[in-house]
There are 2 protein chains.
Amino acid sequence: MLDTFKQELEKVKECWVKSYGQLCSIARALDVVGDRWTLLIVRELLIQGPSRFGEVQRGLPGIATNLLTQRLRDLEANGVVTRESSPGATGVPTYRLTDRGTALDGVLRELLKWGAPTVPDAPRDAIFQMHWLSQPARFLLQDHRPTEPAVVIRFGTLDDGFDLTAARGVVAVQPCKLDASPSASVTGPGPVLVALLQGAMPLALAVANGVRVEGDASALDRILPPTR
Amino acid sequence: MLDTFKQELEKVKECWVKSYGQLCSIARALDVVGDRWTLLIVRELLIQGPSRFGEVQRGLPGIATNLLTQRLRDLEANGVVTRESSPGATGVPTYRLTDRGTALDGVLRELLKWGAPTVPDAPRDAIFQMHWLSQPARFLLQDHRPTEPAVVIRFGTLDDGFDLTAARGVVAVQPCKLDASPSASVTGPGPVLVALLQGAMPLALAVANGVRVEGDASALDRILPPTR
DNA sequence: CTGGATCCGGGAAGATACTG
DNA sequence: CAGTATCTTCCCGGATCCAG
């Protein structure tokens, strides 16, 4: 009898998602994406595109595997991500944002714009991954020479990075493509790159501080903001 | 000796805010406003303006007092709110958003837009407070008759509500003003009002479902979206 | 009575070992 | 590689108590 009671309790707990219980759009949104790590998981899937478990995990240093599992299940249950067994009958799952998940883009953009000023104040030992920069690049940079032919600038490496395309006045980013042939390639320490993209440091100074540019360095001027 | 060690540990923990430790704007923002309740506290201060502890608490049913205290302290430490002893030497604190706090407006707007479609699916026992509707009103409604003289519509009561002003094509909201003389006054059950403002229910049907309009009901047509 | 501080139980987060 | 199982730690939530 105690067992049946415990089972009952388990089933209740299973269905009972922690909710603010408010009839309010903001609270409803936070019911779904307000938990710790959740929006960062969405960030990873938005940047990297459809990803496997381990790929998501690599972009979230410090997350516990069980927690990542749970969050992905919750997001799946809420229609934010789908979990597909990849083709080839290997049965390896791939996680992909649904349209509903992609719609969180605006939320991430506003968080990014709000958080950007505080990035330089981050602790010195904060971890840096190049692909995280793709969103600031997307939202904060512009193509200052819209009439010139398109250029592709690679930030980072195939391992961890992104390709930025400036064309017709628009800046776009995407995961590194093997078949892309970047006009320029940029690597360097995180804090310096952040300062560079935020216009807090001119390119020459950034290079003096460890940023390496290979290829057509002038392509960078096309998208970098004026130094403040 | 053990005591001194414990004291040391306490001091470290005091300064150590839980952080994702990532050099990323989004993660930095979530370091500050990613904790449970935090953004809802900001919502309350944004809607109600400078408020006392109890006023904030009333807008957050279920929050523990100690947690509200802690969150307000954290927000203060992060420059999002200020805590002032109210004039009159009573020493009663008033909490107010700083400019940095007000800048979270965009984040709340995007969360609201993302969460809005799920509000009708909220549990039946979800709590409703009228002033929460002021943000959807602000972000989702428009003034369809910009050339006519301004109107003020009161939603709810002085206790819990807001005044909506439609003028020159712009919709604005503010806490209920004692000296305001609304053209119309609206009250009713939460779910019906939500449907009404989202354009999911025409006004006549809303009235049939418990919405009460006093004064110039035609003023409502001016701002309500077309029924989908 | 408002604005908190303190204490405690339960549950979520975090770390790690283990398995198909 | 993609999780599951397990254990620990710590935060959240509720009640109670205290001060002005």
Side-chain angles (χ1 to χ4, degrees), chain A residues 6 9-10 12-22 30-31 33-41 44-45 48 50-76 81-86 88-96 127, chain B residues 6 9-10 12-22 27 30-31 34-41 44-45 50-76 81 83-86 88-96 127:
Chain A
K6 278 178 116 173
L9 189 65
E10 280 308 307
V12 170
K13 281 166 62 177
E14 216 169 287
C15 298
W16 185 78
V17 282
K18 172 168 302 193
S19 161
Y20 290 108
Q22 300 182 0
L30 291 174
D31 281 341
V33 297
D35 284 333
R36 192 163 165 77
W37 291 108
T38 302
L39 276 176
L40 293 185
I41 294 171
E44 286 305 309
L45 291 174
Q48 304 186 16
S51 306
R52 313 226 320 236
F53 186 91
E55 297 176 311
V56 178
Q57 192 182 18
R58 241 171 293 135
L60 303 168
I63 194 173
T65 57
N66 57 355
L67 192 54
L68 180 52
T69 301
Q70 185 184 322
R71 289 288 183 268
L72 286 169
R73 294 291 180 281
D74 292 346
L75 287 172
E76 190 185 358
V81 309
T82 57
R83 176 165 170 255
E84 310 150 15
S85 283
S86 61
T90 58
V92 182
T94 298
Y95 297 93
R96 181 192 307 263
I127 297 169
Chain B
K6 278 177 117 175
L9 190 65
E10 279 308 307
V12 170
K13 282 166 64 178
E14 215 169 289
C15 299
W16 184 78
V17 282
K18 172 165 302 193
S19 161
Y20 290 109
Q22 300 183 0
L30 291 174
D31 281 343
D35 284 333
R36 191 162 167 78
W37 292 107
T38 302
L39 276 176
L40 293 185
I41 294 171
E44 287 305 309
L45 291 174
S51 307
R52 314 228 315 238
F53 186 91
E55 297 176 312
V56 178
Q57 192 182 18
R58 242 171 293 136
L60 303 169
I63 194 173
T65 59
N66 57 356
L67 194 54
L68 179 52
T69 301
Q70 183 184 322
R71 290 288 184 269
L72 286 169
R73 294 290 180 281
D74 292 345
L75 287 172
E76 191 184 359
V81 309
R83 177 167 170 252
E84 310 150 15
S85 283
S86 61
T90 58
V92 182
T94 298
Y95 298 92
R96 181 192 307 264
I127 297 169

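Just so it is clear: chains get the letters A, B, ... in the order the sequence lines come, proteins before strands, and each one is counted from 1.
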- For the residue pair A/Glu55 and A/Ser51, what are the closest heavy atoms and their distance? OE1-CA, 3.2 Å

- Item | Axis-to-axis angle between the two ends of the helix from C/dC1-D/dG20 to C/dG20-D/dC1 (five base pairs per end, rounded to 10 degrees) | 30°

- Message: Quick check: closest heavy atoms across B/Ser19 and B/Gly21, and the distance to 0.1 Å?
- Response: OG-N, 2.9 Å

- Find the distance B/Leu60:CG to C/dG4:C1' and express it as a whole number of Å. 16 Å

- Query: When you measure from the centre of the six-membered ring of A/Tyr20, is the NZ or CZ of B/Arg36 under 6.0 Å away and within 45° of the axis?
  - Reply: yes

- Hey, mind stepping through B/Asp31 and B/Gln22 against side chain to side chain contact (heavy atoms under 4.5 Å, CB included) and telling me if it holds? CA-CA 9 Å; B/Asp31 281 343; B/Gln22 300 183 0; over 6 Å; no

- Message: Rounding to an integer number of Å, can you tell me how far A/Asp74 CG sits from C/dG11 P?
- Response: 17 Å

- Item | Distance, nearest 0.5 Å, that separates CZ of A/Arg96 from CD of A/Gln48 | 14.0 Å

All N/O contacts under 3.5 Å from nucleotides 1-3 of chain C to the protein, with atom names and distances to one decimal?
from: C/dT2; atom 1: O3'; to: B/Arg52; atom 2: NH2; distance (Å): 3.1
from: C/dG3; atom 1: OP1; to: B/Arg52; atom 2: NE; distance (Å): 2.5
from: C/dG3; atom 1: OP1; to: B/Arg52; atom 2: NH2; distance (Å): 3.1
from: C/dG3; atom 1: OP2; to: B/Gly54; atom 2: N; distance (Å): 2.9

- For A/Leu72 and A/Arg83, run side chain to side chain contact (heavy atoms under 4.5 Å, CB included): C-alpha distance rounded to whole Å, both residues' side-chain angles, the deciding distance at 0.1 Å, then the answer. CA-CA 9 Å; A/Leu72 286 169; A/Arg83 176 165 170 255; over 6 Å; no

- A/Gln57 CD to D/dT4 P, in whole Å, measures 13 Å

- Distance in Å, A/Gln57 CD paired with A/Thr69 OG1, rounded so as to fall on 0.5 Å steps: 8.5 Å

- From CD1 (B/Ile41) to CZ (B/Arg71), nearest 0.5 Å: 7.0 Å

Quick one: which protein N/O atoms are closer than 3.5 Å to N/O atoms of nucleotides 12-14 of chain D? Pair and distance per line, please.
from: D/dC12; atom 1: OP1; to: B/Arg71; atom 2: NH2; distance (Å): 2.4
from: D/dG13; atom 1: OP1; to: B/Arg36; atom 2: NE; distance (Å): 2.6
from: D/dG13; atom 1: OP1; to: B/Arg36; atom 2: NH2; distance (Å): 3.3
from: D/dG13; atom 1: OP2; to: B/Trp37; atom 2: NE1; distance (Å): 2.7
from: D/dG13; atom 1: O6; to: B/Asn66; atom 2: ND2; distance (Å): 3.4
from: D/dG14; atom 1: OP2; to: B/Gly62; atom 2: O; distance (Å): 3.1
from: D/dG14; atom 1: O6; to: B/Asn66; atom 2: ND2; distance (Å): 2.9

- What's the shortest heavy-atom distance between B/Tyr95 and B/Leu45, and which atoms? O-CD2, 3.6 Å

- Task: Write down the distance between CG (A/Leu72) and C1' (D/dG3), rounded to a whole number of angstrom.
- Result: 11 Å

- Message: For a side chain to side chain contact (heavy atoms under 4.5 Å, CB included) check, start with the C-alpha distance between B/Trp37 and B/Leu68, then their side-chain angles and the critical distance, and finish with the verdict.
- Response: CA-CA 8 Å; B/Trp37 292 107; B/Leu68 179 52; over 6 Å; no

